[in-house]
Amino acid sequence: MYRSVTLAALNNNIDLNDKEKVTELAKTLEIDLKEINGIIHTFLNGEDVSAQIRTPEVNANVSIVSAIKEVRAIMVEHQRALAENHDIVMEGRDIGTTVFPNANIKLYLEASAEERAQRRYKQNLENGMEVPYEEVLESIKNRDKKDSTRADSPLTI
């Protein structure tokens, strides 16, 4: 969901450091998750953006957007609404600590930055994006640092 907001902001040439504009944009977005042939697809305002939200540009900027407290509040509300009438499995950096702190079951899994980079690198290749492994790894390490040190809903076990 944060990737979708980031993509929309980039597509609309919004300065990601302008918290008010990013927040106003987030309020207008329709973000849906739909299963198609056993794979979850992300839809932004009715358009399948599953591949677009995994581009290097989105990867490099999603931490900026996800650190905006007001955007986080909007996305948490949306995530909770998704689960309101369904049993659901969600993954994310603050799902168990902030979004669903009282979930019946919580699992914390962590792969090394190198393993996650290898997975993302392969995923990128499958989607026709040729981003060097080293660049993917550096992006993951940078995001981990930003997400674990942000003031609002930091990445914690």
Side-chain angles (χ1 to χ4, degrees), residues 1-12 14 16-111 113 115-117 119-120 122-124 126-127 129 136 139-140 142-157:
M1 292 184 172
Y2 295 101
R3 289 174 174 279
S4 295
V5 177
T6 304
L7 177 65
L10 292 170
N11 286 346
N12 286 285
I14 294 174
L16 299 180
N17 294 303
D18 187 333
K19 294 178 182 181
E20 288 181 15
K21 284 187 180 177
V22 175
T23 300
E24 287 306 309
L25 174 67
K27 290 177 184 177
T28 69
L29 300 177
E30 182 180 318
I31 302 169
D32 291 313
L33 306 175
K34 297 178 184 175
E35 183 180 343
I36 300 173
N37 298 324
I39 298 171
I40 300 296
H41 289 252
T42 303
F43 287 80
L44 176 59
N45 295 332
E47 178 187 352
D48 188 344
V49 294
S50 302
Q52 293 163 295
I53 61 171
R54 299 290 179 192
T55 63
E57 187 176 23
V58 171
N59 289 342
N61 290 292
V62 68
S63 287
I64 297 169
V65 171
S66 67
I68 301 171
K69 183 178 183 175
E70 296 80 3
V71 171
R72 295 197 72 73
I74 294 164
M75 294 300 107
V76 167
E77 188 177 303
H78 192 67
Q79 291 162 340
R80 288 178 178 159
L82 283 174
E84 199 168 276
N85 298 313
H86 307 291
D87 288 333
I88 193 164
V89 175
M90 282 193 179
E91 61 89 15
R93 291 173 177 241
D94 70 346
I95 295 296
T97 56
T98 301
V99 181
F100 299 109
N102 299 316
N104 293 332
I105 299 172
K106 298 183 202 179
L107 301 173
Y108 180 86
L109 303 173
E110 184 175 29
E115 178 63 29
R116 290 180 287 140
R119 291 177 192 167
R120 179 61 47 81
K122 287 180 183 176
Q123 184 181 44
N124 285 347
E126 289 169 2
N127 288 313
M129 293 181 285
V136 175
S139 173
I140 286 174
N142 287 337
R143 182 172 178 212
D144 286 350
K145 182 173 178 152
K146 288 177 188 175
D147 289 356
S148 62
T149 58
R150 69 178 174 230
D152 189 44
S153 298
L155 170 63
T156 58
I157 298 176

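Residues take their numbers from the sequence shown, with the count starting at 1.
- Within 6.0 Å of CD1 on I105 lie no more than 12 heavy atoms contributed by other residues, nucleotides or ligands.
- Rounded to the nearest 0.5 Å, atoms NZ (K145) and OG (S63) are 12.5 Å apart.
- Here the CZ-CZ distance, from R116 to R143, works out to 9.0 Å after rounding to the nearest 0.5 Å.
- To the nearest 0.5 Å, atom CD1 of residue I53 and atom CD1 of residue I31 are 9.0 Å apart.
- Here the side chains of I74 and K27 are in contact, with some heavy-atom distance below 4.5 Å.
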Apply the test side-chain contact (heavy atoms from CB on, under 4.5 Å) to residues T28 and L25: give CA-CA distance (whole Å), side-chain angles for both, the deciding distance (0.1 Å), then the verdict.
CA-CA 5 Å; T28 69; L25 174 67; 3.9 Å; yes
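- You'll find the side chain of L44 stays beyond 4.5 Å of the side chain of Q52, heavy atoms only.
- Between the R80 side chain and the F100 main chain, no donor and acceptor come within less than 3.5 Å of each other.
- Using a 4.5 Å heavy-atom cutoff, the side chains of Q123 and M129 are not in contact.
- In E115, the CD atom is crowded: over 12 heavy atoms of neighbouring residues, nucleotides or ligands sit closer than 6.0 Å.
- Heavy-atom contacts from other residues, nucleotides or ligands closer than 6.0 Å to NZ of K146 number more than 12.
- The CG atom of N124 sits 8.5 Å away from atom OG1 of T55, with the distance rounded to the nearest 0.5 Å.
- To the nearest 0.5 Å, atom CE of residue M1 and atom OG of residue S66 are 14.0 Å apart.
- T42 places none of its side-chain heavy atoms less than 4.5 Å from the side chain of R3.
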Would S139 and R120 count as a side-chain contact (heavy atoms from CB on, under 4.5 Å) here? Give the steps. CA-CA 11 Å; S139 173; R120 179 61 47 81; over 6 Å; no
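- Distance CD/E20 to CG/D18: 6.5 Å, rounded to 0.5 Å.
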Per-pair distances, 0.1 Å, donor-acceptor, side chain in residues 4-12, under 3.5 Å, sequence neighbours excluded:
from: T6; atom 1: OG1; to: Y2; atom 2: O; distance (Å): 2.8
from: N12; atom 1: ND2; to: A8; atom 2: O; distance (Å): 2.7

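- When all heavy atoms of A67 and R150 are compared, the pair lying nearest together is CA-CD, 4.1 Å.
- Salt-bridge formation is not detected for the pair K21/E24: no Lys NZ or Arg NE/NH1/NH2 atom is positioned less than 4.0 Å from an Asp or Glu carboxylate oxygen.
- Of the possible donor and acceptor atoms, one in the side chain of K106 sits under 3.5 Å from a partner among the backbone N and O of P101.
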